[in-house]
Amino acid sequence: MKKELILIGGGGHCRSCIDVIEKENTYRIAGIVDKRGKVGTRVLAYEILASDEELDTLAGEHKTFFITIGQIKSGSKRKELFEKLKALGVEIPVIISPLADVSKHARIQEGTIVMHGAHVNAGAEIGKNCIINTCAIIEHDCKVGDHCHISTGSILNGECLVGEGAFIGSNCVLSNNIVIAGNSVIGAGSVVIRRIDEAGTYVGNPVRRIL
Ligand code: JB2
């Protein structure tokens, strides 16, 4: 019998996650938690059952939860929800698309989703509550901290180190061995060829700091 799973956040990222979860076929989605005003509406085939205010009650009824709010720039909302779920003592799984390719020598921690077409190579370590989005490439021995979003089609070449809470926009390229300071935002299409030690917003080829 499939395990029941409650999703937190019912927007665009949730719809993408639902496709991964359905194809992965381990969990039965029992419903979604979103803002109070959305309770009773549906996301694809699934009902919004409750709001965050009812998480305590839901945690008494369900064992397994997964955060499906996306992360554009700041990961603070996802981090806050993750900490709330941990405090409630529920299970937060790793979800890996059957269309992704994850090395058996890679390590991925709870709450992280690896979406369709992504590759995670040998020796890579991905922290908690991350989004490794569609077709992203995490090459050998990279380390991605907790609460990061590596967006669609981005490439982290070998041995990169991405600090906690960072956002790497779509289609970025990080050369080998690049360090990205935690909570940095790297704009879509950027190319990073030198380490970034100070958190900030960076764009371009090669990237320059804009904020
Ligand atoms: O505090 C909250 C909360 N704040 C917003 N708790 C809960 N449970 N839900 C919350 N939400 C809900 O998250 C909103 O009501 C809405 O249903 C959803 C956010 O949806 P949206 O489509 O605006 O963004 P997203 O985070 O799902 O997706 C963004 O990030 C993805 C990575 C989008 O920009 C996507 O295009 C992108 N792929």
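For ligands, and for the atoms within them, numbers begin at 1 and follow the listed sequence.
Relative to atom 12 (C) of ligand 1, the option among Ile69, Asp34, Ile8 with the closest non-hydrogen atom is Asp34.
In summary, the atoms of ligand 1 found under 4.0 Å from a heavy atom of His149, numbered by their order in the structure, are 32 (C). Ligand-side atoms of ligand 1 in range of Gly12: 20 (O), 21 (P), 22 (O), 27 (O), range being under 4.0 angstrom from any heavy atom. Within ligand 1, the atoms closer than 4.0 Å to a non-hydrogen atom of Asp52 are 1 (O), 2 (C), 6 (N), 7 (C), 8 (N), numbered from 1 in the order shown. Atoms of ligand 1 found under 4.0 Å from any heavy atom of Gly10 (numbered from 1 in listed order, with element): 17 (O). With ligand atoms numbered from 1 in the order given, ligand 1 contributes 30 (O), 34 (O) to contacts under 4.0 Å with heavy atoms of Ile72. Heavy-atom proximity to Lys77, at under 4.0 Å, picks out these atoms of ligand 1: 1 (O).
No donor-acceptor distance shorter than 3.5 angstrom exists from the side chain of Ser103 to the backbone of Gly123, with no hydrogens or angles considered. No donor-acceptor pair closer than 3.5 Å links the side chain of Gln71 to the backbone N or O of Phe167. Under a 3.5 Å cut-off, the side chain of Ser154 and the backbone N or O of Gly169 do form a donor-acceptor pair. Proximity of a side-chain donor or acceptor of Thr68 to a complementary backbone N or O of Cys14 within less than 3.5 Å is not detected.
In terms of protein heavy-atom proximity, atom 31 (C) of ligand 1 is closest to His13 CB, 3.8 Å. Scanning all protein heavy atoms for the shortest distance to atom 18 (C) of ligand 1 gives Gly11 N, 3.6 Å. Lys35 CE, 3.5 Å is the protein heavy atom nearest to atom 4 (N) of ligand 1. The protein heavy atom nearest to atom 26 (O) of ligand 1 is Gly70 N, 2.7 Å. Remark: minimum distance from atom 38 (N) of ligand 1 to any protein heavy atom is reached at Asn133 ND2, 4.6 Å.
Asn176 and Glu159 are not linked by any side-chain donor-acceptor pair at a separation below 3.5 angstrom, with hydrogens and angles left out of the test. One side chain, Thr152 or Ser170, offers a donor N or O that lies under 3.5 Å from an acceptor on the other.
A 4.5 Å side-chain heavy-atom check between Ile8 and Leu55 finds at least one atom pair inside the cut-off. Glu24 is listed as a side-chain neighbour of Pro98, based on a closest heavy-atom distance under 4.5 Å. No side-chain heavy atom of Pro206 sits less than 4.5 Å from a side-chain heavy atom of Val191.
Protein non-hydrogen atoms do not reach within 4.0 Å of atom 23 (O) of ligand 1. For atom 6 (N) of ligand 1, the protein comes within 4.0 Å by at least one heavy atom. The nearest protein heavy atom to atom 28 (O) of ligand 1 is closer than 4.0 Å.
Counting heavy atoms closer than 4.0 Å to ligand 1, residue Thr152 contributes nothing at all.
The shortest N or O to N or O distance between Lys38 and ligand 1 is under 3.5 Å. Between Val33 and ligand 1, a contact under 3.5 Å exists for at least one N or O pair.
Ion pair Asp19/Lys23 flagged as a salt bridge, since at least one NZ, NE, NH1 or NH2 atom sits closer than 4.0 Å to an Asp/Glu carboxylate oxygen.
For the pairing with Ile150, the side-chain contact (heavy atoms from CB on, under 4.5 Å) check across Val144, Leu174, Asn133 returns one residue only, Val144.
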